[in-house]
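The structure appears below as structure tokens.
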Amino acid sequence: MTTTTRRELTPRYDSASVEPAIYERWLQSGAFSPSPEPPEGAERFVIIQPPPNVTGSLHLGHATRATVEDTLIRYHRMRGDDTLWLPGVDHASISAQFVLDRILAEEGETRASLGRERYLERMWRFMGETRETIGLQHRRLGASAEWSRLRFTMDPISARAVRTAFKRLWDAGLVYRGEGLVNWCPRCLTTISDLENVHHEEQGTLWTIRYHLAGADGTPDPDRWISVATTRPETLLGDVAVAVHPDDARYAELVGEQAILPFLGRALPIIADPAVEREFGTGAVKMTPAHDPDDYAMAQRHSLPGINIFTDDARINEAGGEFSGLDRYAAREKILERLREMGDLQREQPHQMSVGRCDRCGTVSEPRLSTQWFIRVKPLAERALAAVNEGRTEIVPARFAKVYAHWMENIHDWAVGRQLWWGHRIPAWFCPDGHITVTDAPDGPDACAECGRAASELTQETDIFDTWFSSGLWPFSTLGWPDRTPDFERFYPTTVMETAYDILFFWVARMMMLGLFCTGVEPFRTVLLSGLIRVDGGAKMSKTKGNVIDPLGTIDEIGADALRFALVVGTSPGNDQRLSHAKLEGARNFTNKLWNAARFVTGARPEPFAEPSGEPTLAERWIRSRLAEATERATRQLDALDLGGYTATVHEFAWSEFADWFLEMAKVELRRDGASDGDRARVWATASDVLADLLRLAHPIMPFVTEEIWDTLGSIAPAATAGEPLLITAPWPVAKTREPAVEEEMAALMELVRAVRNLRTESGAAAGAWLPLAIAPVDEAASAAIERGRGYLEPLARVRPIEIAGGEPRPAAVAISPLGAAWLRATPEASDAGARREAQRGELRTGIERLRGLVANPSFTAKAPSDVVARERERLSELEERLRQLGQG
RNA sequence: GGGCGAUUGGCUCAGUCGGUUAGAGCGCACGGUUCACAUCCGUGAGGUCACUGGUUCGAAUCCAGUAUCGCCCACCA
């Protein structure tokens, strides 16, 4: 055995100095990396980290991701599984530009002032900084990711995957370029997907406008008109028709006639279409196909063209006549003013309506007809849906499978092009003849795929991809796909995809679709959806409200372990959680509790240390049995991805069983006069063994403090740590055999202790006073148990001496327990003792009555399972025994 | 307009296969400073499990409906 220097734990746990040192040891040990070859017969456990956006610093969402994933990885690593946690960073195209543009604005620059090339250079620099920051911040949390495999969605590996995937989609006929109505953000100056276009209910106005009908000479007839209702009068500049319902008698005669568009004089055919709601507004709709999804759909049915009236930044373009150059809202005011002058603004009324805004910048988005790249997702969605329906991929919690299915079933083609600069450029080239060539070659095509024109005559598409396109390839692009690299072969498909439910559609759905298309296999076995974090009170955290909890500041204050614990304890998958300072404080206290319990154990080593000998005490057998239970439970909970349950198990075992009861009882033996050196050594060995296993159990969620304790424990109790130098790679404990009889006896003893303590409190006895106690055991077995437990009973309940009661009269105040009744001698009874006992008797009688009725009920005894019936009978006799113990008063 | 979730002590949340005395942490009340920890220890109070009906020997748990709050989806200008 190697001789190591005996260390001791500092009086206080100083997370700030311990954590960096521990992390450095982990890194040095290579524990985060998978072994060169997969361990024989090992299960695989692979998490590809949802890439945190590179747009800022670590927030609580990132911290939660990292905590959950790290906890799972650490558990599986200890299990000896073939483990990989591959970290990554997303280039976050639109978000990154949004953030950088703000920074540039402070520097007095703009995207335009820099130009594409310099802007992208600046972006790469910015990315370098933030990637560094976010990586360091994850390390502070304790993330045991395989940093050498860190991937970035803009690195060449990812770029190649993007080109390959797109080429394959194109070859499969799943990509097309065509005209469609897309959401346009006039501030970000790009198309955004339906998912990025967020609808809010807002108060608007519904205006009724008079369109005069065309007279015989084609000019507006002052006496005949049709009135239309609109919330967006400025769009009338793009009107191409007026629509009414075919069965609407009010307008039946007008169908086929023409109305004259104010200002522009354009003739608008009045058409009939069943999509028009007769009850809404006037029952007649102005049709602006280029700027309204409904109108666009209708126009397609009637072969009407769309007229785009906006510039990129939502000013009226040259199609708007006198209003050209005005901002959309200025144009609205002007148009309303002019209509009012003409007497054709008939009505205005407040109106609740749904307004789409850019998810990124909050600007009101503009539906706009344009030519775009689309991915035909229906065939992809079918496979992705089937994978979940048929159980090849499981979504946790299961209810999200329905949400997923609904989305997949109603999916629309994905407008995948973005008019941004930061991202992967779409690998498509146009030839002067209008042919399109898509290639996965890094340097572009050699010639037009259709007419063979030389590459020099081709121009590349300037659009880039929606950032989620590259994210959608993440589970396999990170492993080297499209090559069948060793990593890909070994780690794909992955095991758990953990993320927050708010990006189920954005990301998880896209990974499922693209993963199945590209690799033919579901990209992960399980999708674990975590909830979002709210502040205490239920509101979303927001910087403007100043109610943000900063994870890094929290780590500074209370340590990463406490933060990790607080982020997970009491949560369940898919449900939001409220994080409060009180909760963080509780987690900090728990860290401290572990530390102090360990400090006691490591400091209590008997000197000189003898060979352990003698029979284990009741307390030792009990705590080992409880440890077995906790181990079994924690293992089951981690396997079920129930981190909330797992943390509760660890907390309960460590605090309520190990520290509160076992360590107190161990002190009794360690300090007992008659105890031999072997006895003391044995008890201490039990304490250190159990502590060691507790550290193993707690390690996945609280890696730093457990590792630090492990280090010291190993120097003092090498047997307990089995010579494992690092906890991070120590094996997960195996649940040993439980001893139900021991647990039962201890439970009875504990109950007696509590009851006597209660009695002391009630009687107003001085807290430190040693009081004589009398006990009337229920039977021989109880009597024997009391004898065995006497050594614990005395110090824990602070009673001495304990006598077995003879025929003396009982006072009103007795403590009752499964072992028997007990009462204090020579202590004045509290004045209300009699009343309290009577109340207790009342409760017992009620319970007994109910149970008697139950077991006497023939349908209960006939229909309930026999073990339930037996349990109820037993409970009944327990209650009867308790009542007997209390006496008849 | 559809869908989902939540509703359990003052607060934040657990609650397995339906099993009859529903748990935890915080807070509260009372008591406690030698011997790991006041970031602690002990004792206690506090719940008609949102409401109504149903299924069942038995419901916080299953079913139907209602209410309140929250979220998601959806092309009524």
Side-chain angles (χ1 to χ4, degrees), chain A residues 9 11-13 181 199 206 228-232 235 243 275-277 279-282 284-288 292-298 351 353-354 367 397 399-400 402-403 406-407 410 501-502 504-505 532 534 536-538 558 569-572 574-580 582-583 585-604 636 640 642 644-645 648 651-652 656 659-660 663-664 667 671 754 757-762 764-768 796 798 843-844 846-847 850-851 854 857-865 867-869 871-872 875 879:
Chain A
L9 298 173
R12 277 165 186 253
Y13 174 57
L181 198 76
H199 287 268
L206 186 67
V228 296
T230 182
T231 55
R232 303 205 51 197
T235 62
V276 178
E277 290 281 333
E279 290 73 29
F280 189 90
T282 60
V285 189
K286 58 186 274 309
M287 273 183 57
T288 322
D292 183 282
D294 296 329
D295 294 0
Y296 178 67
M298 224 186 289
H351 181 65
M353 57 190 215
S354 162
R399 62 185 145 88
F400 280 96
K402 275 184 279 184
V403 182
H406 182 256
W407 192 75
N410 296 287
Y501 65 76
D502 61 342
L504 178 63
F505 305 142
L532 307 176
R534 309 292 178 110
D536 210 4
I558 63 172
V569 72
T571 64
S572 49
N575 291 324
D576 293 349
Q577 70 149 322
R578 285 151 205 233
L579 186 66
S580 60
K583 197 170 183 182
E585 203 174 300
R588 179 203 56 186
N589 293 354
F590 181 53
T591 315
N592 187 255
K593 188 68 186 181
L594 263 186
W595 182 260
N596 278 303
R599 207 155 72 88
F600 170 71
V601 173
T602 53
R636 181 161 34 83
D642 174 14
H651 185 272
E652 160 81 12
S656 305
D660 282 353
L663 289 185
E664 292 309 313
K667 283 177 191 172
R671 289 163 192 166
R754 270 193 216 103
R757 283 170 172 170
N758 178 9
L759 208 53
R760 293 180 63 107
T761 305
E762 280 184 10
L796 296 181
R798 217 165 172 79
E843 278 173 31
L844 283 172
T846 312
R850 190 183 305 157
L851 282 174
L854 184 65
N857 182 342
S859 40
F860 172 69
T861 48
K863 292 182 182 176
D867 60 316
V868 171
V869 176
R871 194 176 342 128
E872 297 311 327
R875 186 170 291 164
L879 292 192

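So you know, we letter chains A, B, ... as the sequences are listed, proteins then strands, and number each from 1.
- With C76(B), C72(B), U21(B) as the candidates, the nucleotide lying closest to the side chain of E277(A) is C76(B).
- Pairing each heavy atom of H199(A) with each of S354(A), the nearest pair is ND1-OG, 3.1 Å.
- Taking atom C1' in both G25(B) and U39(B), one finds a spacing of 14 Å when rounded to whole Å.
- A598(A) comes within contact range of no nucleotide atom at all, as no heavy-atom separation falls under 4.0 Å.
- Nucleotides C41(B) and C26(B) have their P atoms positioned 9 Å apart, rounded to a whole Å.
- Residue E664(A) places a side-chain atom within donor-acceptor reach of the base of A36(B), judged by atom type and a 3.5 Å distance cut-off alone.
- Between G19(B), C73(B), A14(B), one nucleotide has an atom nearer to the side chain of H406(A) than all others, and that is C73(B).
- Separation of the P atoms belonging to U8(B) and A50(B) is 6 Å when rounded to the nearest angstrom.
- Remark: R588(A) is not in phosphate contact with U39(B), judged by side-chain N or O atoms under 4.0 Å from OP1 or OP2.
- Out of U39(B), U43(B), G19(B), the shortest distance to the side chain of N592(A) is found at U39(B).
- Classification of the F590(A)-H651(A) ring pair by plane angle, with boundaries at 30° and 60°, yields tilted.
- As rounded to the nearest Å, U33(B) and G42(B) have C1' atoms that lie 14 Å from one another.
- A864(A) comes within 4.0 angstrom of a nucleotide base, judged by non-hydrogen atoms across all strands.
- Closest approach to the L851(A) side chain among A36(B), U21(B), C75(B) is made by U21(B) (side chain taken as heavy atoms from C-beta onward).
- For CZ of R12(A), the number of neighbouring non-hydrogen atoms (other residues, nucleotides, ligands) closer than 6.0 Å is 12 at most.
- When heavy atoms are screened at a 4.0 angstrom cut-off, A297(A) is found touching no nucleic acid atom at all.
- Each of R671(A) and H651(A) was assigned the nucleotide of RNA chain B with the nearest heavy atom; the assignment lying further toward the 5' end belongs to H651(A).
- Toward the 5′ end of RNA chain B lies the nearest nucleotide of S572(A), the other residue of the pair S572(A) and N589(A) mapping further downstream.
- Taking the side chain of R757(A) as heavy atoms from C-beta on, and the options C72(B), A36(B), G42(B), the nearest nucleotide is G42(B).
- Summarising the geometry, the separation between CD on E762(A) and C1' on G42(B) is reported as 14 Å, rounded to the nearest angstrom.
- Evaluation of atom-type donor-acceptor distances gives no pair under 3.5 Å for the side chain of R754(A) against the base of U43(B).
- Using a 4.0 Å heavy-atom cutoff across all strands shown, L879(A) reaches at least one base atom of the nucleic acid.
- If you take atom C1' in G9(B) and the same atom in G15(B), they sit 15 Å apart, rounded to whole Å.
- Taking side-chain N and O atoms only, K583(A) has no distance below 4.0 Å to OP1 or OP2 of C11(B).
- Nearest approach of P367(A) to R232(A), heavy atoms of both residues: CD-NH1, 4.3 Å.
- Residue contacts for D660(A): at a heavy-atom cut-off of 4.0 Å it reaches the sugar-phosphate backbone alone, with no base atom in range.
- Of the candidate nucleotides A77(B), C72(B), C37(B), A77(B) has the atom nearest to the side chain of H351(A).
- The nucleotide whose nearest atom lies closest to any side-chain atom of F280(A) is, among A14(B), G19(B), A77(B), A77(B).
- Out of U20(B), A36(B), G44(B), the shortest distance to the side chain of A597(A) is found at A36(B).
- An OP1 or OP2 oxygen of U43(B) is reached within less than 4.0 angstrom by no side-chain nitrogen or oxygen of R760(A).
- Among the protein residues, K667(A) comes within range of the nucleic acid bases, having at least one heavy atom under 4.0 Å from a base atom.
- Using a 4.0 Å heavy-atom criterion, one finds that V569(A) contacts no nucleic acid atom at all.
- With a cut-off of 3.5 Å on both pairing distances, the Watson-Crick or G-U wobble partner of C40(B) is G32(B).
- Nucleotide G65(B): paired with C51(B) (Watson-Crick or G-U wobble, both distances less than 3.5 Å).
- Side-chain atoms of K593(A) come within donor-acceptor range of the base of C37(B), with a qualifying N/O pair under 3.5 Å.
- Here the side chain of R875(A) is nearest to one of U20(B), A36(B), C75(B), namely U20(B).
- To the nearest whole angstrom, the two P atoms, one in A77(B) and one in C4(B), are 25 Å apart.
- Atom name C1', nucleotides G23(B) and G46(B): the rounded distance is 14 Å, in whole Å.
- Rounded to whole Å, atom P of C26(B) lies 13 Å from atom CD of E652(A).
- Contact between the side-chain N/O atoms of R232(A) and the OP1/OP2 oxygens of A77(B) is not found at any separation under 4.0 Å.
- Under the 30°/60° scheme for interplanar angles, the aromatic rings of F280(A) and H351(A) are found to stand perpendicular.
- Distance check on atom C1': U56(B) versus C62(B) gives 10 Å, rounded to whole Å.
- Here N758(A) reaches the OP1 or OP2 of G44(B): one of its side-chain N or O atoms lies under 4.0 Å away.
- Counting non-hydrogen atoms under 4.0 angstrom, F505(A) reaches the backbone sugars and phosphates but no base.
- A side-chain donor-acceptor contact under 3.5 Å links R760(A) to the backbone of R798(A).
- Using a 4.0 Å heavy-atom cutoff across all strands shown, P865(A) reaches at least one base atom of the nucleic acid.
- When the nucleotides U39(B), C4(B), C76(B) are ranked by their closest atom to the side chain of R12(A), U39(B) comes out on top.
- A sub-4.0 Å separation between OP1 or OP2 of U21(B) and a side-chain N or O of R850(A) is present.
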